[in-house]
Amino acid sequence: MPAVPRTRPALRRCAGTGALALALLGGGLPATTAAESDGEQPDLTLFYRQKVRWAACKDVELPKDMQCARVTVPLDYARPAAGTLDLALARYRATGKSQGSVLLNFGGPGGSGVSQLGQDGKEFMSLTNGYDVVGFDPRGVGRSSPVSCGDGTGSPSDGASDDEPPDVARPQALMKELKQLTLRCTRNSGPVLSHIGTVNASRDLDVIRQALGDRKLNYLGFSYGTRLGAVYAAQFPYNVGRMALDGVDTLTESLAEQGVAGARGQQTALDDFLDWCVTDRGCPFGQDRRKAGEAVVKLVRSLDEDPVPSDFGGPFTGQDLVDAIGQGLYGKDLWPLMERALASLIEDGDTRGVQNLASGGSALPHGHGHAHDGGLVDSAAVPVDNLSAALMAINCADDPDRPSALRLTRDLARLNQEYQQASPVFGRFRLTQVLLCYGRPRGTDFIRNEVKDVPSAPMLLVGTRGDPATPYSWTVETAKRLGPSAVVLDNRGDGHTGYTSSRCVRGKIDDFLLYGTLPPDGSSCPADDDRGSVTDSPG
């Protein structure tokens, strides 16, 4: 369960073999997925015949040189006549000879691709040498029928929230609170909530590909976006063009396992930050490394017990601080900013710096509007809790594990201890995210059981050794699972994903997407401070 990637300073924002997927331009038959290769298929012709109509973006927050559009998809692919959704798209046009489009997903899940492309488009201008660079808001996210839990947090307000640690001493009350949260999210999200998740988002990707006029999908996905890309390759293996996956997600681990791995990775990154911080006289935790680690834990616990007022509405808790610190650990270039933000919090009680860090530089909340009719939502009406609500909904929809109330009650104390051992700072936050799936319908087992041995064109998988959100071991495991089509590039640096932090990684991804040139499987890029040429030695 990777955290939402955000850029520097804002991109770090946090299947089996199937039948041939037909994707005929114009008035042809709709694509057939690997998951639907048996039996009579619903008629998707109208969706696959549409063409994207680009126009100037109406949102004032988006750059003037961007264009915007929409694509219509079925709410339910099994019953395409039952309703539709509009998905928001944005692009920078190709400046060189165009090869078509390359679609970007920045991760999350729950991050708006349209807003992110608007904020960080300069990071991808090299790709406009050969492509229209396209961002999109997946179903349930941003402008595309955003889900919400209705209270501004995406969490229950009475003991099981992102803002409060799970009360393991009151398991029965906790189960009740989680069920109440599920009802609230269902009530405030509309029909899209029952059809959210990566399997449907992948099918939307294929409709977008066709509407853009591309015979194959060219794609760059970060963090969660790698999960989406892998699922697409399993559902539509013969529609894969050039696909690069950076910060590779797991396809097999349960949410509980992912949470422990994430807590452990973030704790390691926090330790590295504190090692650096105590060498600076401006470090708010002092110059004693052991005491600095203890001070962070005490600060989080103090804010959980006695939250402080914030400028953005509601109290600022220890778990809010944990979220902010997690975002600040995505890259070493964010460390000075986090140091100053923490100093302002500790010395002056000023939460603005850490809250701005948590939101990737955009801490002002949006409104509370909804679009239950499937139409696009204006950016000002995107619910303030959409990112957290969508992250929860998509991760739960992708996970088939739903322990019973009896088992969860029995295991809660053990799970809490396991997470605390993984990280005294991030353990509670990560466990809470896992518990939030309780009471929701069981998720799909397609990803865990069917996304494997994919007979697609070669895909480039980039794993970063010091990644706090997506461990390098996930890159190795996912590559083995995808089969011979997966080509691994080992980034020997730190931070979450490599494209915006490593000149070598950026060059290798650009060479592949623009020219089809792949590095040897198992080759590596040096760490950020040693930017030499790529080596051909594996591992």
Side-chain angles (χ1 to χ4, degrees), residues 1-4 14-16 107-110 160 162 165-166 168 171 174-175 178-179 181-182 196-202 223-228 230-231 234 247-267 326 388 390-423 426-452 463 467-482:
M1 183 170 48
V4 180
C14 171
D162 286 343
V168 297
L174 178 61
M175 299 301 105
L178 290 169
K179 282 192 173 181
L181 168 64
T182 297
I196 206 168
T198 304
V199 172
N200 277 328
S202 168
S223 193
Y224 162 77
T226 70
R227 188 198 311 171
L228 178 57
V231 171
V248 180
D249 200 356
T250 179
L251 300 175
T252 57
E253 291 188 3
S254 67
L255 284 180
E257 293 169 326
Q258 293 177 48
V260 170
R264 190 177 296 118
Q266 287 181 302
Q267 184 64 48
S388 59
L391 183 146
M392 176 170 58
I394 294 168
N395 279 333
C396 296
D398 287 357
D399 188 81
D401 296 330
R402 287 296 183 276
S404 65
L406 179 63
R407 179 178 173 183
L408 198 55
T409 300
R410 185 184 66 223
D411 292 348
L412 196 54
R414 177 186 59 79
L415 284 171
N416 186 59
Q417 183 178 14
E418 185 177 357
Y419 274 74
Q420 287 295 311
Q421 288 176 345
S423 171
F426 297 99
R428 291 178 176 182
F429 187 85
R430 288 289 190 166
L431 178 57
T432 300
Q433 288 183 315
V434 172
L435 295 176
L436 290 173
C437 286
Y438 176 77
R440 290 179 179 252
R442 180 178 177 272
T444 181
D445 58 9
F446 178 81
I447 299 173
R448 192 175 297 178
N449 294 342
E450 302 298 332
V451 184
K452 58 185 177 181
D467 194 319
T470 51
Y472 181 77
S473 60
W474 287 358
T475 301
V476 177
E477 294 166 3
T478 298
K480 183 181 296 185
R481 187 168 179 84
L482 293 177

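The figures that follow rest on heavy atoms only: side chains count, while hydrogens, waters and symmetry mates do not. When a residue number appears, it is its place in the shown sequence, counting from 1.
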Could you measure the distance from the CG atom of L408 to the CG atom of L174? Nearest 0.5 Å is fine.
7.5 Å

OG/S404 to CZ/R410 distance, rounded to the nearest 0.5 angstrom?
7.0 Å

With a 4.5 Å limit on heavy-atom distance, are the side chains of L412 and L435 in contact?
yes

Separation of L436 CG from L178 CG (nearest 0.5 Å)
6.5 Å

Quick one: salt bridge (Lys or Arg N to Asp or Glu O under 4.0 Å) partners of R407, sequence neighbours excluded?
D411

In short, R402 meets C396 closest at the heavy-atom pair NH2-O, 2.7 Å

Measuring from D467:CG to Q266:CD, what's the distance to the nearest 0.5 Å?
10.5 Å

Flag, side chain of R481 to backbone of K452, donor-acceptor distance under 3.5 Å
no

Steps toward side chain to side chain donor-acceptor pair (under 3.5 Å) verdict (Q421, R264):
CA-CA 9 Å; Q421 288 176 345; R264 190 177 296 118; over 6 Å; no

Closest heavy-atom contact between G197 and A397?
CA-CB, 3.9 Å

Any idea which heavy atoms bring P471 and A261 closest together, and the distance?
CG-CB, 4.5 Å

Is it the case that the side chain of Y419 and the backbone of A256 share a donor-acceptor pair, with hydrogens and angles ignored and the cut-off at 3.5 Å?
yes

Would you check, one step at a time, whether the test salt bridge (charged side-chain N to carboxylate O under 4.0 Å, His left out) holds for E418 with R414?
CA-CA 6 Å; E418 185 177 357; R414 177 186 59 79; 3.4 Å; yes

Which atom of E257 lies closest to which atom of E253, heavy atoms considered:
OE1-CA, 3.2 Å

Go through I447 and V231 one step at a time and tell me if the side-chain contact (heavy atoms from CB on, under 4.5 Å) criterion holds.
CA-CA 7 Å; I447 299 173; V231 171; 3.8 Å; yes

Side chains of Y438 and T182: is there a donor and an acceptor less than 3.5 Å apart?
no

Given 3.5 Å as the limit, does a donor-acceptor pair link the side chain of S223 with the main chain of G247, or not?
no

Can you check side-chain contact (heavy atoms from CB on, under 4.5 Å) on S254 and R448, steps first, answer last?
CA-CA 9 Å; S254 67; R448 192 175 297 178; 3.9 Å; yes

Test your reading of the model: is there a side-chain donor-acceptor pair from T250 to the backbone of T252, 3.5 Å cut-off?
yes

What's the verdict on side-chain contact (heavy atoms from CB on, under 4.5 Å) for L391 and Q433, showing C-alpha distance, side-chain angles and the deciding distance?
CA-CA 9 Å; L391 183 146; Q433 288 183 315; 4.1 Å; yes

Between CG of N395 and SG of C437, what distance do you get to the nearest 0.5 Å?
6.5 Å

Nearest 0.5 Å, please: how far is OH in Y224 from OG1 in T470?
14.5 Å

Ignoring hydrogens, what is the shortest heavy-atom contact between L251 and T478? Give both atom names and the distance.
CD1-CG2, 3.7 Å

With D398 via salt bridge (Lys or Arg N to Asp or Glu O under 4.0 Å) - residues at least two apart:
R227

What pairs with S202 under side chain to side chain donor-acceptor pair (under 3.5 Å), at least two apart in sequence or on another chain?
Q235

Lys/Arg N to Asp/Glu carboxylate O, D399 vs R440, below 4.0 Å
no

A422 and V260 have their tightest heavy-atom pair at CB-O, 4.0 Å

